Amino acid sequence: MKVVLASMMLLAMASLNSCQTGGLGVVQGNEGGSQPISEQEAFDMQKAVNRCQRSGGTRVVKIRGQLRCY
């Protein structure tokens, strides 16, 4: 029961944090990388971050309109 309550509290805090940043703040896993400028770019960037981390990269940056993994 305590584990369930703790999980629910963490989930609630995470959703409040995303509401405060408008959902366009830091893309999870891309700390130190570029920030998205729209909801569509945030979605594309999250997919790029997932691909990047699987290939051994640590962040995604946008250079001349292209998302690049470093």
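These numbers come from the heavy atoms of this one structure, side chains and all, not from hydrogens, waters or symmetry mates. Everything numeric in this text was worked out from a predicted model, so none of it was measured. Numbers for residues simply follow the sequence, beginning at 1.
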Exercise. Under 4.5 Å between any side-chain heavy atoms of V49 and Q28, yes or no?
Worked result: no
For this session: For residues V60 and N30, report the shortest heavy-atom separation together with the two atoms involved.
Result: N-OD1, 2.6 Å
Exercise. T58 versus Y70: any side-chain heavy-atom pair under 4.5 Å?
Worked result: no
Problem set entry | E41 side, atom CD; L67 side, atom CG - distance, nearest 0.5 Å | 6.0 Å
Exercise. Can you check whether V27 reaches F43 side chain to side chain, under 4.5 Å on heavy atoms?
Worked result: no
Exercise. Side-chain contact, heavy-atom cut-off 4.5 Å: Q35 with K62?
Worked result: no
For this session: State whether the side chain of Q46 and the backbone N or O of A42 hold a donor-acceptor pair below 3.5 Å, judged by distance alone.
Result: no
Problem set entry | Where R59 and C52 come nearest, the two heavy atoms and their spacing | O-SG, 3.6 Å
Exercise. Please walk me through it: do C69 and R51 pass side chain to side chain contact (heavy atoms under 4.5 Å, CB included)?
Worked result: CA-CA 9 Å; C69 174; R51 279 193 308 267; over 6 Å; no
